[in-house]
Number of protein chains: 2
Amino acid sequence: MFIELDLQSEVPIYTQLVEQLLEGMANGQLKPGDPLPSVRSLAADLGINLHTVNKAYQVLKQDGFLQVHRKQGVVIQTGEMPGITTEFQEKLARQLKGMAAEAAVRGMQEIEFADMCSAVYRQIKEQGADR
Amino acid sequence: MFIELDLQSEVPIYTQLVEQLLEGMANGQLKPGDPLPSVRSLAADLGINLHTVNKAYQVLKQDGFLQVHRKQGVVIQTGEMPGITTEFQEKLARQLKGMAAEAAVRGMQEIEFADMCSAVYRQIKEQGADR
DNA sequence: CTATCTGTTATATATATAGTATAACAGATA
DNA sequence: TATCTGTTATACTATATATATAACAGATAG
């Protein structure tokens, strides 16, 4: 796997896992139907606990990004992926608010801020282009 | 004050305070030299503890957004405000990453994502325009 | 000088979250 | 029958958050 954890980070491990799995889906490294490692094997690979992996899987399953087949474990959603719900938009706006405020106070203009957001978005998608 | 807290939120109270004070600085409701309420009075107004307010002030002071005069308490930075440091850019990119990834997976295009970021930025600045 | 206001520091406590550690269960598979 | 899956339950530790009291030093107004 391409997962890289920072155990010293203030960001919870399961959150880092969720984000990196979403990045994998965003850039095409993880496609619908692709199997994910079992909670035990991934935990062993990363040197963390089984439950930490399971929590990340639970979050992604709860939101509809993953499916669990009693048969072959966890796979990327094969049906329709979750869309741009108003709930997601509200969450996005809420999180952007604090960042935009600090950026503005630091003198970053609207265009600079938007460009930076675009750059981050593009970088994520481009990570999968060379694979 | 214009502070509104959500005590049920998963976002720590002191973080909400930091963000809303930054918003005030971003939209002009708080200008350089403006005094902030004392930790005790603001805590009483908001119905929270003195130390929670103090922690928010400490964070903003540490980053250079606030000054503390032994004389008249806490005021908005009168010197030069913190700029767009590489440290800030890295923090911004790190936080944007997870949001951009989920947005992409949900089918939000780069332009839509950038537009939403712009909209949030603009909204913050416009809040202070009608005051 | 005294009383009162600042921020600041020090303790102590309660609660929630994060992470780990073991164990066990039911379903599926070879 | 083993062995794999996710899942659930329990227990424990560590850390972050928030509160509660108390005290200190500096500044200020009476």
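Below, chain A is the first sequence line, B the second, and so on; all start at residue 1.
- Base pairing of C:dT2: its partner is D:dA29, meeting the Watson-Crick or G-U wobble criterion (both donor-acceptor distances under 3.5 Å).
- In this structure, CD of B:Glu10 is placed 10 Å from P of C:dA18, rounded to the nearest angstrom.
- Checked for salt-bridge contact, B:Lys91 and B:Glu87 miss the test: no charged N lies under 4.0 Å from a carboxylate O.
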Item to complete: Let me see the working for B:Thr52 and B:Val39 under side chain to side chain contact (heavy atoms under 4.5 Å, CB included), right down to the final yes or no.
Response: CA-CA 9 Å; B:Thr52 306; B:Val39 290; over 6 Å; no
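- Cluster annotation: A:Leu30 and A:Leu42 are assigned to the same hydrophobic cluster (Ile/Leu/Val/Met/Phe/Trp/Tyr, side-chain heavy-atom contacts under 4.5 Å, transitive).
- Between the CD atom of A:Gln16 and the P atom of C:dG19 there is a distance of 8 Å, rounded to whole Å.
- Between B:Tyr14 and D:dT17, a side-chain N or O to OP1/OP2 separation shorter than 4.0 Å is present.
- When both distances must be under 3.5 Å, the Watson-Crick or G-U wobble mate of D:dC24 is C:dG7.
- Across all strands shown, the partner of D:dT17 is C:dA14, judged by Watson-Crick or G-U wobble contacts whose two distances both fall under 3.5 Å.
- Scanning atom types as modelled, no donor and acceptor separated by under 3.5 angstrom connect the side chain of B:Arg40 and the base of D:dT21.
- Remark: P of D:dC4 and CG of A:Leu42 are 17 Å apart, rounded to the nearest angstrom.
- When rounded to the nearest whole Å, the span between CG of B:Leu7 and P of D:dT17 equals 16 Å.
- Atoms CD1 (B:Ile13) and P (C:dA16) sit 13 Å apart, rounded to a whole Å.
- Per the geometry, CD belonging to A:Gln8 stands 14 Å off C1' belonging to C:dA18, to the nearest Å.
- Separating the CG atom of A:Leu36 from the C1' atom of D:dT5 is a distance of 13 Å, rounded to the nearest angstrom.
- A donor-acceptor contact shorter than 3.5 Å links the side chain of B:Gln77 to the backbone of B:Gly79.
- Within residues 48-67 of chain A, the residues having any heavy atom under 4.0 Å from DNA chain C are, by residue number, A:Ile48, A:Asn49, A:His51, A:Thr52, A:Lys55.
- No donor-acceptor distance shorter than 3.5 angstrom exists from the side chain of B:Gln89 to the backbone of B:Ile84, with no hydrogens or angles considered.
- Note that CD of A:Gln58 and CD of A:Gln62 are 7.5 Å apart. Values are rounded to the nearest 0.5 Å.
- Residue A:Lys31 holds its NZ atom at 10.5 Å from CD1 of A:Ile76, rounded to the nearest 0.5 Å.
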